[in-house]
Amino acid sequence: MNPPRRDRDRGLVRPYVVTEGRSAPSRNHFDHVTLIIAQRDAPHALLSPEGRAVLQLCRPGALSVAEISAYLQLPMSVLRIVLADLMDSGHITSRAPSPALHPRNDRPLLEALLRGLRAL
Amino acid sequence: MDSAHCDPAAGTHLGGDETAIKVVIAGPFGVGKTTYVGTLSDIAPLRTEEVMTTASVASDDLRGLPNKTETTVAMDFGRLSLAGGLVLYLFGAPGQPRFKSVLQDLARGALGALVLADTRRLEASYPVMSEMERLDLPYAVAVNRFPDAPDYPEAALREAMDLPAQTPLVVCDARERGSSRDALVRLVEHLLTLDPEPIP
Ligand SMILES: Nc1nc2c(ncn2[C@@H]2O[C@H](COP(=O)(O)OP(=O)(O)OP(=O)(O)O)[C@@H](O)[C@H]2O)c(=O)[nH]1
Ligand SMILES: [Mg+2]
């Protein structure tokens, strides 16, 4: 008995059209795994409740955008707007996932990852 | 706001100077994505949700009217800290083409994907594989062995899946840490054999 065969279907037009929301460039800055670091000394006075919640959550240390989204139950699309505002007002800094563009091209990173996994 | 969120456990926060890496764990319904993420994660797995607006075309609608629906796409994810300041984030994602916008967002900057497959319904993973190809995300296929699943030889599985010779195919028990780790090792080994991406 053989498993059912796969049809290569890359060229087909799919029965769904997904509307993709366009977002401002500064929001694209926040990947799922961009790390967010709260700045301690910036005043909180004029912040939105969501902005305050982000700062409170990140006070003990850095978290990724996806983790913040999960803890605060904010969809990524909404959180990116909140984060862009916090960045503009100097309340947070961020650390981009490395390397931001093509992690697959980074052989030293891949090799370090392999060593790390094998050492588990 | 405060009542809506749960607080992270002690030790959850990072220093901020780590190197974060994103890997996609994709596969059809019930194939073991959540199990896989939970097995390797060293934090309690989390869930992020995204609302997606889809417009189905006339073939779905007998009256031919445009038909917009809002779908919530949930992804569970976990985190695995490794030596050398590396933090690997594993995202369990529905891989079907209709989740295109969410997948596209997730795939951007991701290292690669594991596509989970179940030999009782291998064909359920085919659209997921096609989607990874369309997103230009290199992947390895991890076959989870379920108790009553047919035991095909690797060559038959490869042929059925139309897998290029260089794409890894691993048998994996998503409930088992060593086995799940090995699947990731095979993926990273595969990535090391690929030609560099052109820089745009
Ligand atoms: N035997 C076996 N069972 C597994 C394996 N992985 C998952 N399971 C079981 O399969 C069931 C479904 O696993 P889930 O991890 O919830 O699958 P999922 O892909 O997250 O499912 P959805 O999120 O609903 O699409 C659970 O009962 C798991 O215990 C495996 O590798 N081997
Ligand atoms: Mg699941």
Side-chain angles (χ1 to χ4, degrees), chain A residues 1-10 14-21 31-37 49-50 52-53 56-58 60-64 66-67 69-73 75-77 93 95 97-98 100-105 107 109-120, chain B residues 1 4-6 8 13-22 46-57 59-60 77 82-84 86 89 91 97-98 100-101 106 108-109 111-112 119 122-123 126 130 133-134 138 150 152 156-157 160-162 181 184-185 188-189 191-192 194 196-197:
Chain A
M1 195 170 94
N2 284 317
R5 270 198 69 88
R6 171 190 184 205
D7 280 322
R8 290 253 164 191
D9 58 356
R10 267 178 283 180
R14 302 186 191 282
Y16 303 92
V17 178
V18 179
T19 53
E20 279 158 90
D31 187 86
H32 295 79
V33 300
T34 299
L35 300 182
I36 301 300
I37 301 124
E50 290 81 6
R52 278 172 199 273
Q56 194 186 326
L57 182 65
C58 295
L63 288 172
S64 66
E67 285 169 295
S69 156
Y71 285 119
L72 299 183
Q73 296 172 16
M76 287 284 293
S77 52
T93 57
R95 179 171 167 89
S98 179
L101 205 49
H102 281 302
R104 291 168 244 158
N105 287 0
R107 290 192 72 86
L109 175 74
L110 292 175
E111 281 157 8
L113 184 55
L114 209 46
R115 277 194 302 278
L117 285 170
R118 285 180 174 145
L120 267 191
Chain B
M1 198 65 218
H5 80 257
C6 53
H13 290 89
L14 297 168
D17 55 355
E18 294 86 352
T19 300
I21 302 167
K22 179 165 69 166
L46 296 168
R47 155 178 293 234
T48 157
E49 293 186 343
E50 194 53 88
V51 178
M52 207 180 75
T53 309
T54 54
S56 37
V57 294
S59 63
D60 274 15
F77 66 98
L82 300 171
L86 301 183
Y89 284 91
F91 284 86
R98 65 199 168 92
K100 182 180 153 196
S101 65
L106 188 63
R108 195 176 301 120
L111 196 67
T119 51
L122 220 41
E123 66 281 6
Y126 300 164
S130 299
E133 287 158 14
R134 203 189 56 75
Y152 299 114
L157 291 174
M161 288 189 264
D162 195 13
R181 187 265 323 264
L184 273 185
V185 166
V188 179
E189 286 171 344
L191 299 176
L192 277 163
L194 299 178
E197 289 291 324

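Below, chain A is the first sequence line, B the second, and so on; all start at residue 1. Computed from a predicted structure; not experimentally measured.
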For A:L120, is it the side chain, the backbone, both or neither that has a heavy atom under 4.5 Å from a heavy atom of chain B?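 Contact with chain B is through both the backbone and side chain of A:L120.
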So, for [X] and [Y], which heavy atoms are closest and what is the spacing to 0.1 Å?
X	Y	value
A:A66	B:T48	O-CB, 4.4 Å
A:G61	B:H13	O-CD2, 3.1 Å
B:L192	A:R107	O-NH1, 2.9 Å
B:L46	A:E67	CD1-CG, 3.8 Å
B:L106	A:H32	CA-CE1, 3.7 Å
B:L82	A:G116	CD2-O, 3.6 Å

Would you call B:L191 and A:L113 a side-chain contact if the rule is heavy atoms closer than 4.5 Å?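 B:L191 vs A:L113: side chains apart.
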Counting N and O atoms only, with roles assigned by atom type, does the side chain of B:E49 sit under 3.5 Å from a partner on the main chain of A:Q73, one being a donor and the other an acceptor?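 No, because the side chain of B:E49 does not come within donor-acceptor range (under 3.5 Å) of the backbone of A:Q73.
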Without swapping roles, check the side chain of B:R47 against the backbone of A:A70 for a donor-acceptor pair under 3.5 Å.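 Judged by distance alone, no pair lies under 3.5 Å.
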Nearest 0.5 Å, what's the [atom1]-[atom2] distance between [X] and [Y]?
X	Y	atom1	atom2	value
B:E189	A:L114	CD	CG	5.5 Å
A:R95	B:L14	CZ	CG	11.0 Å
A:L35	B:E18	CG	CD	6.0 Å

Choice from B:L157, B:L184, B:D17, B:T119 maximising heavy atom contacts with chain A below 4.5 Å: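 That would be B:D17.
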Pick whichever of A:T93, A:L63, A:T34 has the most heavy-atom pairs under 4.5 Å with chain B.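 If we count pairs closer than 4.5 Å to chain B, A:L63 comes out on top.
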